[in-house]
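Counting convention: from 1, in listed order, for ligands and their atoms alike.
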Amino acid sequence: MSEAGKKLFIKTYGCQMNTYDSERMTSVLAGQGYSPAESVEDADLVLLNTCHIREKAAEKVYSELGRLRHLKTGNPDLRIGVAGCVAQAEGREILARADLVDLVVGPQAYHRLPQMLEAVADGGRPVETDFPAEDKFDHLPETTGPRRAPSAFLTVQEGCDKFCAFCVVPYTRGAEVSRPAARIEAEARRLVASGVVEVTLLGQNVNAYRDQDDVTLAALVSRLARIEGLERIRYTTSHPNDMCGDLIAAHAAEPKLMPYLHLPVQAGSDRILRAMNRKHTAAEYLNLLGRIRAARPDIALSGDFIVGFPGETEEDFQATLDLVRAVEYAHAFSFAYSARPGTPAAGRAEVDADVKAERLYRLQALLQEQQTRFLHSMIGRTLPVLLEKPGRNPGQLAGKSPYLNAVHLAAGPEHLGRIVPVRIAGASTNSLSGELAA
Ligand code: SAH
Ligand code: SF4
Ligand code: F3S
């Protein structure tokens, strides 16, 4: 242990919820005397906050642990823990396969880390992968002290009841649970008091949010919008079937709700959507987007796609391309299907890997074309940009447009954390550039 107190290094993988959870773990461990380490080499405790969504996720965690072995050899007091969705999925198996691991903690048990570390000090190797009845957020302190970033994540909902046939999330994050609106509002107020001007409400199915008093996501948004100093509200990720009328109406009525929506559809063929257990058709999705665009005509749409789901034919894939052409996305993520152990689709006959790769290439080319078109449509416009961090070069800052595009411009550090008008002058493949407008 170093003289200056114990040092913690958390390596975070996966989605924004893991980023949020890592901050909460940092806070709870600060109460145990841990401060952030500059690098993994300086740490007394290393936590891997893992993601289980991609292929060979568990294998990658075991290789990462292998790379930490030399540190443990050099420093027998080093503690190593595995957290996140691989911890939840693999549980005790991790202790068996990696003897250097001291603790395994699933996403719902982070508030138990102090007791777990005590157990480690007593020579134990604790594993906590239950879904406890208590709300972990009631027991996890918030980040204190001055914040660096003007934009913050705020988890409002966790878990998923949808059981898409390809997805591990219902197993790693458990059933849908919503945090009480009053707690969320209190947390948002504290964030704003510490300099935050934008919050992104997080949930695996955030638009399924409904708290014990039946507060919906739309109602939560309008409640948060009343907080003075909070300028921007976003939410992610949503499921089409939970996109209710009141939330669509909020996009028309609430100026603080940003004109951006990530609404994954996964595929354009109804046959494949059925096989994926998505519970909606392509036409229903397009109809929904029509209603959303009617409410907020300039909304930037984003999605997730899976190509090469078991049974996908060229015709099915063409239906995905047709859907993408019909929507005209501002941005999207696309993936080649990979079987996740324990999911319903895992046993099904797979599409040939080369075919998957080739389809992914064609889909990504189309999506990139649309993204480029969207970015170029911004040139000449003046957009309010939230300046979030230093830019690529000295004298530059980087920020976000209302449509979630990265924007680079020349501006002094005194503008950090402010929303300023920026005249957009250029577009690259993934971002915009411009200059401060008077
Ligand atoms: N809760 C979110 C995020 C789920 S994971 C949602 O419902 O959208 C993010 C994306 O990863 C999914 O939308 C899906 O496109 C992709 N994904 C999930 N499982 C996958 C698998 N087995 N193979 C390929 N892509 C997958
Ligand atoms: Fe996974 Fe589907 Fe739930 Fe999204 S909605 S987390 S893809 S099961
Ligand atoms: Fe990954 Fe778990 Fe998020 S599997 S995408 S870290 S919910």
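Gly203 and Met17 get closest at one heavy-atom pair: CA-CE, 3.5 Å. Arg271 approaches Gly311 most closely through the heavy-atom pair NH2-O, 2.7 Å.
Using a 4.0 Å threshold on non-hydrogen atoms, atom 16 (C) of ligand 1 counts as touching the protein. The protein reaches atom 7 (S) of ligand 2 closely, with a heavy atom under 4.0 angstrom from it. Within the 4.0 angstrom cut-off, atom 20 (C) of ligand 1 has one or more protein heavy-atom neighbours.
Counting only heavy atoms from C-beta outward, the side chains of Met258 and Leu404 never approach each other to under 4.5 Å. The side-chain heavy atoms of Arg173 and Cys160, taken from C-beta on, include no pair separated by under 4.5 Å. Contact of the Lys356 side chain with the Glu312 side chain is not registered, since no non-hydrogen atoms from C-beta on lie closer than 4.5 Å.
Between His331 and Phe333, the ring planes are perpendicular. Angles over 60° get that label, and only those under 30° would be called parallel. In this pair, Phe309 and Phe166 present their aromatic rings perpendicular. The plane angle is above 60°, beyond the 30 to 60° band.
In the model, Glu254 has no side-chain atom that pairs as donor or acceptor with a side-chain atom of Ser222 under 3.5 Å.
One option in Val169, Val168, Asp304 has a heavy atom closer to atom 9 (C) of ligand 1 than any other, and that option is Asp304. Between atom 6 (C) of ligand 1 and the options Ile53, Thr237, Val307, Val206, the minimum heavy-atom separation is to Thr237.
Excluding waters, the protein N/O/S atoms found under 2.8 Å from atom 1 (Fe) of ligand 3 are Cys51 SG. Around atom 2 (Fe) of ligand 2, the protein N, O or S atoms closer than 2.8 Å are Cys164 SG, listed by chain and residue number.
With respect to Arg189 and Glu185, a salt bridge is recorded, a charged nitrogen being found less than 4.0 Å from a carboxylate O. A salt bridge is absent between Asp270 and Arg274: the closest approach of a Lys/Arg side-chain nitrogen to an acidic carboxylate oxygen does not fall below 4.0 angstrom. For the pair Asp77 and Lys6, the salt-bridge criterion is not met [side-chain N within less than 4.0 Å of a carboxylate O]. With respect to Asp99 and Arg125, no salt bridge is recorded, no charged nitrogen being found less than 4.0 Å from a carboxylate O. Under a 4.0 Å N-O distance rule, the pair Glu64/Lys60 does not qualify as a salt bridge.
Interface atoms of ligand 1 facing Pro264, defined by a heavy-atom separation under 4.0 Å, are 8 (O). Heavy-atom contacts of Gln204 reach the following atoms of ligand 3: 7 (S) (cutoff under 4.0 Å). Atoms of ligand 1 lying under 4.0 Å from at least one heavy atom of Arg340, given by number and element, are 22 (N).
Contacts between Cys15 and ligand 1, counted as non-hydrogen atom pairs separated by less than 4.0 Å, are absent for every part of the residue. Proximity of Phe166 to ligand 1, defined as any heavy-atom pair under 4.0 Å, is shared by backbone and side chain alike. The side chain of Arg54, and not its backbone, has at least one atom closer than 4.0 Å to an atom of ligand 1 (non-hydrogen atoms only; side chain from C-beta on). Only the side chain of Gln266 comes within contact range of ligand 1, with a heavy atom under 4.0 Å; no backbone atom does.
In this structure, Glu198 contributes its side chain and Arg232 its backbone to no donor-acceptor pair below 3.5 Å.
No N or O atom of Tyr337 sits closer than 3.5 Å to an N or O atom of ligand 1. Looking at Gln204 next to ligand 1, an N or O pair under 3.5 Å apart turns up.
Among residues two or more places apart in sequence or in another chain, the side-chain contact (heavy atoms from CB on, under 4.5 Å) test is passed with Ala295 by Ile248, Ala252. A search for salt bridge (charged side-chain N to carboxylate O under 4.0 Å, His left out) contacts involving Arg340 returns nothing, not counting sequence neighbours.
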The test is salt bridge (Lys or Arg N to Asp or Glu O under 4.0 Å); show your working for Asp21 and Arg24 and say whether it passes. CA-CA 5 Å; Asp21 284 345; Arg24 296 289 81 74; over 6 Å; no

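Within the 4.0 Å heavy-atom cutoff, Ala336 counts among the residues contacting ligand 1.
Looking only at heavy atoms of the protein, atom 23 (N) of ligand 1 is closest to Ser338 N, 3.1 Å.
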